[in-house]
Amino acid sequence: RQIRSLLYVEGFTISGARMASAIAGALAALAVFFMVNEMAGRRQAWLTAILMTVYHYHIHWSRIALNNIWITFLLPLTIALFLRGWHKRWSGYAILAGLCLGFTAYFYAGGYFILLLLPFLAWQEWKKTTHPVSLAVYCGKMLAMAMVVAAPLIVYAVRFPDQFLLRTRDIV
């Protein structure tokens with residue numbers, strides 16, 4: 001649907017089809033800036049975002065009209081929102097992080113990597129905090145929101161596992 005609306009703006013051309021990827025690529029650089037700012041500070045965030053902006057693989061993936069690039073946006077945004085919310089002690093960020101986490105299920109399968117990364121980040125924050133119960137509640141809110149967003153895809157995967165895993169047979 002997003003590509004269709006962009007095609008109306010750009011017309012049914014290759015540049016119209018690539019516009020969604022270009023937008024996602026630009027937003028990905030901002031999300032990486034936001035994530036690194038939360039993890040390592042403003043100076044490191046600027047350096048990382050600038051390097052990502054000129055990195056040839058990022059430029060390539062930002063222009064080929066595939067949905068893989070949206071993971072490059074959603075993964076760092078999820079991490080940034082998770083960390084920002086915990087540092088500010090505001091649950092609204094947990095809901096937004098859960099929303100982004102849930103949407104990762106609908107794009108490229110490489111996005112499932114975050115399911116390994118988030119527990120590691122939560123464990124790091126757990127070691128630093130004096131409020132472990134609050135962190136558990138915060139993580140629970142994020143995961144609950146992610147489950148609500150990803151529920152239709154999870155139900156589809158359970159009901160039709162052959163269709164859901166169809167692409168895995170192409171690899172083997």
Side-chain angles (χ1 to χ4, degrees), residues 2-3 6 18-154:
Q2 73 190 16
I3 290 183
L6 287 171
R18 290 180 172 179
M19 188 59 65
S21 294
I23 291 170
L27 291 173
L30 293 173
V32 165
F33 176 85
F34 186 31
M35 177 187 73
V36 176
N37 188 38
E38 286 302 315
M39 296 176 91
R42 181 72 43 104
R43 185 174 179 177
Q44 190 70 31
W46 275 113
L47 178 64
T48 306
I50 290 168
L51 288 174
M52 183 179 178
T53 303
V54 298
Y55 188 54
H56 66 285
Y57 281 126
H58 181 69
I59 293 168
H60 173 70
W61 284 107
S62 296
R63 66 178 186 86
I64 61 173
L66 293 175
N67 67 358
N68 303 8
I69 192 69
W70 286 98
I71 292 300
T72 311
F73 168 61
L74 290 171
L75 282 163
L77 187 60
T78 301
I79 293 168
L81 291 168
F82 170 76
L83 291 173
R84 175 73 162 222
W86 178 243
H87 295 154
K88 299 282 185 185
R89 300 291 195 266
W90 187 56
S91 295
Y93 282 114
I95 301 303
L96 293 173
L99 186 70
C100 292
L101 179 61
F103 282 138
T104 61
Y106 290 94
F107 292 98
Y108 186 61
Y112 295 134
F113 175 72
I114 198 165
L115 297 177
L116 301 173
L117 189 58
L118 274 177
F120 178 72
L121 287 171
W123 178 67
Q124 281 186 328
E125 293 300 318
W126 185 280
K127 290 190 313 184
K128 291 188 248 179
T129 190
T130 57
H131 307 288
V133 175
S134 298
L135 180 60
V137 170
Y138 181 80
C139 290
K141 290 176 184 179
M142 180 184 69
L143 292 175
M145 183 63 180
M147 290 299 290
V148 167
V149 173
L153 187 64
I154 294 168

Query raised in the report: Counting distance only, does the side-chain N/O of T104 pair as donor-acceptor with the main-chain N or O of L101 below 3.5 Å?
Result: yes
Query raised in the report: Can you list the residues that meet the ring pair (Phe, Tyr, Trp, His ring centres under 6.0 Å) rule with Y106, with sequence neighbours excluded?
Result: none
Requested in this report: Check L74 against T78 and note the closest heavy-atom contact, atom names and distance.
Outcome: O-OG1, 2.7 Å
Query raised in the report: Taking only residues two or more places apart in sequence, or in another chain, which ones meet S134 in a side-chain hydrogen bond (donor to acceptor under 3.5 Å, both in side chains)?
Result: none
Query raised in the report: Taking only residues two or more places apart in sequence, or in another chain, which ones meet Y138 in a ring pair (Phe, Tyr, Trp, His ring centres under 6.0 Å)?
Result: F82, W86
**Report entry** Where P119 and L115 come nearest, the two heavy atoms and their spacing
**Finding:** CD-O, 3.1 Å
Query raised in the report: Under the ring pair (Phe, Tyr, Trp, His ring centres under 6.0 Å) test, which residues partner F33, sequence neighbours left out?
Result: W46
Query - Non-neighbouring partners of R42 that pass side-chain hydrogen bond (donor to acceptor under 3.5 Å, both in side chains), sequence neighbours left out - result: N37
Report task. Using the test side chain to side chain contact (heavy atoms under 4.5 Å, CB included), find all partners of L77 that sit at least two apart in sequence or belong to another chain. Result -> A31, F34, F73, L81, C100
Query raised in the report: Can you list the residues that meet the side chain to side chain contact (heavy atoms under 4.5 Å, CB included) rule with M145, with sequence neighbours excluded?
Result: I95, L99, V149
Query - Side-chain touch F113/L75, heavy atoms, less than 4.5 angstrom - result: no
Query raised in the report: Do any pairs count as a salt bridge (charged side-chain N to carboxylate O under 4.0 Å, His left out) and have a residue in residues 74-101, sequence neighbours left out, and if so which ones?
Result: E38-R84
Query raised in the report: How would you list, by chain and number, every residue that makes a side chain to side chain contact (heavy atoms under 4.5 Å, CB included) with A40, sequence neighbours excluded?
Result: V36, Q44
Query raised in the report: Got a sec, which residues hit side chain to side chain contact (heavy atoms under 4.5 Å, CB included) with M39, two or more places apart in sequence or on another chain?
Result: M35, I79, L83, L121
Report summary line: Looking only at heavy atoms, the pair that brings T53 and A29 closest together is OG1-CB, 3.8 Å
Query raised in the report: With sequence neighbours left out, what residues match Y93 under ring pair (Phe, Tyr, Trp, His ring centres under 6.0 Å)?
Result: W90
Report task. Search all heavy atoms of A150 against all heavy atoms of G102 and return the closest pair with its distance. Result -> CB-O, 4.0 Å
Query raised in the report: What residues form a salt bridge (Lys or Arg N to Asp or Glu O under 4.0 Å) with K128, not counting sequence neighbours?
Result: E125
